[in-house]
Amino acid sequence: MTRRQILWQAPPWQGILEALILGVLILFLLNRIQGDIPQAVYTNGMLFLCGVTGLWAVFRIRLPAGSTLHQILWETGVGMALGLTMAGGLYAVGQLTGWASVWQSSTLIGAVTIGVLLFGIGIGYLPARLGVRFWLLWRQARQRKFRFELTHMLLMTVVLAVAAVILFSINLNLFFQPDRLFPDSARDLFTSISVFWLHTVFPALNLVALVVIVLGLVLLPPALLFSYFAARRTTKRLEQLTTVASALQAGDYDVRVPVEGEDEVAQLQITFNQMADELGYTLADLQTERNRVSNLLETQRHLVANVSHELRTPVATARAMLESSFDRWEEDGLPPGLRNDLQVLDGEIKRLQRLIDDLFTLSRLEAGGLSLECQPLDITPTINRLTAAMAPYAWETGKVELTAEIPDALPPISVDEARFEQVLSNLLRNGLFHTPPGGIVMVVADPAPDALHIHVRDTGEGIPPGDLPHIWDRFYQGQTSRPQVGSGLGLAVVKDLTTAMNGTIRVESNPGRGSCFTLSFPYS
């Protein structure tokens with residue numbers, strides 16, 4: 001159990017009960033050493049009992065919260081309860097056990113005197129708790145202000161010096177009067193130690209405590225004044241460092257600390273200014289490099305956008321002429337080898353056209369030049385049209401079944417129809433590519449209370465866990481058992497277009513069992 005778990009943690013009833021049990025234990029020990037011990041020993045024993053039990057309650061009972069009036073009433077009530085419990089409880093224990101003879105053995109003769117002394121535990125509890133609060137406030141002040149820490153160190157130096165002088169005097173007195181350490185009247189070692197503690201150490205501790213209190217009351221005001229003037233120069237320079245550090249953190253990189261003196265604080269100020277200079281140079285270099293890289297990226301985006309735009313026309317022209325040639329040559333007939341070559345050429349032109357379209361789309365998204373016309377749209381016809389167009393090709397080329405399960409009367413969502421079709425088309429092509437023959441790719445619409453979810457599921461090879469965080473990166477191609485024919489841009493386009501239309505996309509995948517891409521769009 002740590003110190004924080006002991007101090008000021010117990011409820012009042014528990015702290016009072018612990019103090020009572022401790023008092024009973026001390027009363028038993030005092031009864032144990034009765035005999036021919038001087039009366040002053042028993043008197044000190046009773047005072048020791050009151051002091052120890054009172055301090056136990058002071059440091060164990062938790063501190064109240066709330067208003068000042070509430071705290072005063074709380075502490076007063078606890079103090080009265082403590083006094084009544086100690087007076088009544090210890091007096092009753094002494095009468096029942098026969099230990100009350102301890103009181104007759106001391107100079108405090110009489111039940112009334114003993115009762116008042118025990119009740120005084122509760123009365124002394126109140127100023128002691130006030131001292132605890134002062135100490136806690138003082139500790140907070142030391143943590144916040146260095147000048148108060150210097151004051152504390154000064155006071156502790158004085159207190160320790162006074163305590164050392166008092167304890168040295170007591171030990172010197174015992175050296176010349178050894179019979180006071182272990183009196184001849186003591187019956188055994190326990191009695192000798194008890195007499196030494198109660199007759200020598202306990203009064204010395206009381207004297208030290210009294211001196212500390214007096215010194216605190218007398219020396220604290222001048223010590224505060226002295227420490228203020230002694231530490232003002234140092235703390236002022238440290239406060240300047242704090243102010244400049246805060247300004248640097250806020251972005252003012254030109255501020256510096258004025259250097260005063262030649263001591264360690266001055267060296268710290270010089271070092272701080274040098275660090276600020278280096279930070280300024282580094283930030284300037286970083287800003288220059290950032291501007292250069294930003295300009296390069298902007299130039300690259302424009303270059304890609306322009307090149308993509310310029311390539312779209314000749315590629316579209318080549319594809320149109322190739323399709324026209326197919327139509328003409330169908331009448332005349334083509335050699336089988338030439339037909340196969342032309343079909344391969346047609347497929348590569350289509351793939352090149354998709355790559356150019358993806359590059360053009362991404363470049364315009366980065367440059368902010370892609371205009372989206374988002375409006376309420378019933379996506380059912382779009383999904384049905386797209387799956388109907390791609391299903392024959394999926395079965396002919398890969399023996400993969402492409403289906404759609406769309407409920408009737410779906411709520412409209414706000415999207416750009418052309419871009420939504422591009423997103424769904426990319427997801428379907430991705431699923432068809434990664435699904436082996438005999439598999440299924442399915443589009444499912446799932447209306448939820450807050451959004452419409454469109455799932456694209458496949459029974460393909462799945463995505464390895466290590467690839468999942470990177471599938472949205474451009475040009476990233478993960479591990480797959482099939483030959484790579486894509487560019488790695490399709491899912492990046494899906495991600496960026498979905499985000500641009502205020503939607504979200506996520507993926508779930510089990511290697512060997514397939515993947516599920518989920519598009520979510522809020523209702524219009």
Minimal non-hydrogen separation, [X] against [Y], with atom names:
| X | Y | answer |
| --- | --- | --- |
| Ala445 | Pro407 | O-CD, 3.5 Å |
| Leu49 | Gly23 | CD1-O, 3.4 Å |
| Asp252 | Val255 | O-CG1, 3.3 Å |
| Thr498 | Val494 | OG1-O, 2.6 Å |
| Arg457 | Cys516 | CG-SG, 3.5 Å |
| Glu75 | Pro64 | OE2-CD, 3.4 Å |

Discussion item. Students often mix this up, so state it plainly: with edges at 30° and 60°, are the rings of His455 and His453 parallel, tilted or perpendicular?
Written reply: tilted

Practice prompt. Determine, step by step, whether Ser520 and Arg506 satisfy the side-chain contact (heavy atoms from CB on, under 4.5 Å) criterion, reporting the C-alpha distance in whole Å, the side-chain angles of both residues, the deciding distance to 0.1 Å, and the verdict.
Written response: CA-CA 9 Å; Ser520 299; Arg506 64 181 186 275; 3.7 Å; yes

Worksheet item: Testing Leu468, Asn430, Leu427, Asp458 for side-chain contact (heavy atoms from CB on, under 4.5 Å) with Ser515, which one passes?
Response: Asp458

Item to complete: Using distance alone, with no hydrogens and no angle criterion, decide if Glu18 and Gln14 have a side-chain donor and acceptor under 3.5 Å apart.
Response: yes

For [X], is the [atom1] atom crowded, meaning more than 12 foreign heavy atoms sit under 6.0 Å from it?
| X | atom1 | value |
| --- | --- | --- |
| Glu508 | CD | no |
| Gln249 | CD | no |
| Arg133 | CZ | yes |

How long is the span from the [atom1] atom in [X] to the [atom2] atom in [Y], to the nearest 0.5 Å?
| X | Y | atom1 | atom2 | result |
| --- | --- | --- | --- | --- |
| Leu130 | Tyr125 | CG | OH | 12.0 Å |
| Thr518 | Ile454 | OG1 | CD1 | 9.5 Å |
| Leu55 | Ile121 | CG | CD1 | 10.0 Å |
| Leu452 | Leu410 | CG | CG | 5.5 Å |
| Asn273 | Gln269 | CG | CD | 7.5 Å |
| Arg60 | Leu22 | CZ | CG | 12.0 Å |

With the side chain counted from C-beta on, respond yes when [X] and [Y] share a heavy-atom pair under 4.5 Å apart, and no when they do not.
| X | Y | value |
| --- | --- | --- |
| Leu519 | Thr504 | no |
| Leu491 | Phe517 | yes |
| Asn502 | Phe521 | no |
| Leu20 | Met86 | yes |
| Leu63 | Leu136 | yes |
| Thr97 | Phe28 | no |
| Ile61 | Trp8 | no |
| Cys50 | Leu118 | yes |

Worksheet item: Is it true that a side-chain atom of Tyr523 and a backbone atom of Ile413 form a donor plus acceptor pair closer than 3.5 Å?
Response: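 Checked: no pair found.
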
Worksheet item: Donor-acceptor pair, Asn510 side chain versus Arg513 backbone, under 3.5 Å?
Response: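 Absent.
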
Discussion item. With side-chain contact (heavy atoms from CB on, under 4.5 Å) as the criterion, how do Trp472 and Asp496 come out once you've worked through the C-alpha distance, each side chain's angles and the decisive distance to 0.1 Å?
Written reply: CA-CA 9 Å; Trp472 312 111; Asp496 290 351; over 6 Å; no

Discussion item. Between Phe119 and Met80, does the side-chain contact (heavy atoms from CB on, under 4.5 Å) criterion hold? Intermediate values first, please.
Written reply: CA-CA 8 Å; Phe119 183 77; Met80 295 302 100; 4.0 Å; yes

Practice prompt. Would you check, one step at a time, whether the test side-chain contact (heavy atoms from CB on, under 4.5 Å) holds for Arg129 with Val78?
Written response: CA-CA 11 Å; Arg129 293 282 279 195; Val78 172; over 6 Å; no

